[in-house]
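Notes to accompany the following structure.
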Protein chains: 2
Amino acid sequence: MVKRTSLEGDGCPIARSLDAIGDWWSLLIIRDAFFGVRRFSAFQRSLGLAKNILTVRLRSLVDRGILTTEPAADGSAYRDYVLTAKGRGLFPILVALRQWSEEFDEHPEEIATMLVDRSHHQPVRKLLLCANDGTPLRPEDTTLVPR
Amino acid sequence: MVKRTSLEGDGCPIARSLDAIGDWWSLLIIRDAFFGVRRFSAFQRSLGLAKNILTVRLRSLVDRGILTTEPAADGSAYRDYVLTAKGRGLFPILVALRQWSEEFDEHPEEIATMLVDRSHHQPVRKLLLCANDGTPLRPEDTTLVPR
DNA sequence: CGGACTGGTTTTATAATGCAACCACACAAG
DNA sequence: CTTGTGTGGTTGCATTATAAAACCAGTCCG
């Protein structure tokens, strides 16, 4: 079998996440879903990916419980793709990707948008890793232990 | 040209991040690098990926300034791959992926490890998105604005 | 009813990935 | 110095994933 190796059985939770959303398009679909995109054709227009690929990706995300389909909000006979609770749980990952780009991108002037809090229109804070007692942690201050 | 579409020119910082690290292996390589893996053969053993793929991925990560090579720590004539500051900046993304899996995975009992703070051996806190004034924010409490 | 839109499927072409074989250099033992 | 093993790749080939375009049935809009 010479197939893209699946990470499903791996004990590492990072690998398990990537197995679900680690492909080229899934996180962009989810990003658009957070932005309010719900319809097949809207995803396709926004992302510019081939329709067959979008079909496969949406099906995979639905199968994994990240998206779900529901009757279209506009009353038509079509269906909408909307985020489940599990899908909405991906928000910190999107924020972390955004903040990394904002901090380290070679061409930050090309970044077009900023994430702000809706009520004050102020930029959000950087995600901060903290210990149980609230003190900030650097990567070196952490370690992995068996569960 | 029928080639995997690049996200490089996109104005969305999420797309820009994914362009750098959004492939099947890069984040796993980086995860191992945080865990202390430094040598080509060690990455290959740990990840079980083909050597030609590893060659390409490491080169890409070095080109993008996420890894760098330096003389081997053990004094041999070989070279080590180590994270740059930009690479270490990816830690929140790894943590977010880990926490998503911990919270939503279908089979949490298969998750083998826990991230703890080194001094107290207590699990780290969940990454929390906050407004500028420190109040926690849900996804719906945020919005995107032009820069 | 006619035409456009929606949400796909199918077909075909190219690129990415995986595997195995190969290879030059480093290094250690004898 | 010679033989054997480990390192860090490269090359060739097979298979899979992705992309573009054509096609199609059902839906909605006037």
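All of these numbers come straight from a predicted model, not from anything done at the bench. Letters A, B, ... are given to chains in the order of the sequence lines, protein chains preceding strands, and every chain is numbered from 1.
Over its length, the helix from C:dC1-D:dG30 to C:dG30-D:dC1 turns its helix axis by 30°, as judged from the five terminal pairs at each end, rounded to 10°.
In terms of modelled atom types and a separation under 3.5 Å, the side chain of B:Thr135 and the main chain of B:Ala131 share no donor-acceptor contact.
Put simply, the side chain of B:Thr113 reaches to within 4.5 Å of the side chain of B:Arg98, judged on heavy atoms. A:Gln99 has its side chain out of reach of A:Leu94: every pair of non-hydrogen atoms, C-beta onward, lies at least 4.5 Å apart. Put simply, the side chain of A:Val37 does not reach to within 4.5 Å of the side chain of A:Ile29, judged on heavy atoms. For the pair A:Arg39/A:Ser76, a side-chain contact is recorded, criterion being any heavy-atom separation below 4.5 Å from C-beta on.
Taking every side-chain heavy atom of A:Arg59 into account, C:dT9 is the closest of C:dG18, C:dT9, D:dG8. When distances run from any side-chain atom of B:Asn52 to the nucleotides C:dC19, D:dG26, D:dA19, the shortest one goes to C:dC19. When distances are taken from the side chain of B:Ala50 to each of C:dC19, C:dT6, D:dG8, the shortest belongs to C:dC19. Listed nucleotides D:dC28, C:dT17, C:dC27 differ in distance to A:Ser76; the shortest reach to its side chain belongs to D:dC28. Comparing atom distances between the B:Thr55 side chain and each of D:dA19, D:dT10, C:dG7 picks out D:dT10 as nearest. With distances taken from any side-chain atom of A:Ile53 to the nucleotides D:dG8, C:dG8, D:dT18, the minimum falls on D:dT18. In this structure, the nucleotide among C:dA26, C:dT9, D:dC28 sitting nearest to the side chain of B:Tyr78 is C:dA26.
Between the P atom of D:dG6 and the CZ atom of B:Arg45 lies a distance of 10 Å, rounded to the nearest Å. Spacing between atom CG of A:Leu54 and atom P of C:dG8 amounts to 8 Å, rounded to whole angstrom units. The distance from atom CZ of B:Arg79 to atom P of D:dT7 is 17 Å, rounded to the nearest whole Å. Taking atom CD of A:Gln44 as the reference point, atom P of C:dG7 lies 10 Å away to the nearest angstrom. Here C:dG8 presents its C1' atom at 13 Å from CG of A:Leu49, a figure rounded to the nearest Å. Spacing between atom NZ of A:Lys51 and atom P of C:dT11 amounts to 16 Å, rounded to whole angstrom units. Summarising the geometry, the separation between CG on B:Asp74 and C1' on C:dA28 is reported as 14 Å, rounded to the nearest angstrom. A straight line from CZ of A:Arg38 to P of C:dG7 spans 12 Å, rounded to a whole angstrom.
Contact annotation: A:Trp25 side-chain N/O to D:dA19 OP1/OP2 distance is under 4.0 Å. Between A:Tyr81 and C:dG8, a side-chain N or O to OP1/OP2 separation shorter than 4.0 Å is present. Of the side-chain N and O atoms in B:Arg39, none sit less than 4.0 angstrom from OP1 or OP2 of D:dT7. The side chain of B:Arg57 contributes an N or O atom lying less than 4.0 Å from OP1 or OP2 of C:dT17. Regarding contacts with the backbone of D:dG8, a side-chain N or O of B:Ser41 is found under 4.0 angstrom from either OP1 or OP2.
Each of B:Arg118, B:Met114, B:His120 was scored for a side-chain contact (heavy atoms from CB on, under 4.5 Å) with B:Val116, with one residue passing: B:Met114.
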**Report entry** salt bridge (Lys or Arg N to Asp or Glu O under 4.0 Å) between A:Glu110 and B:Arg16, intermediate numbers included
**Finding:** CA-CA 10 Å; A:Glu110 294 178 7; B:Arg16 297 172 77 85; 3.0 Å; yes

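Cluster membership for A:Phe35 and A:Leu97, using ILVMFWY side-chain heavy atoms within less than 4.5 angstrom, is shared.
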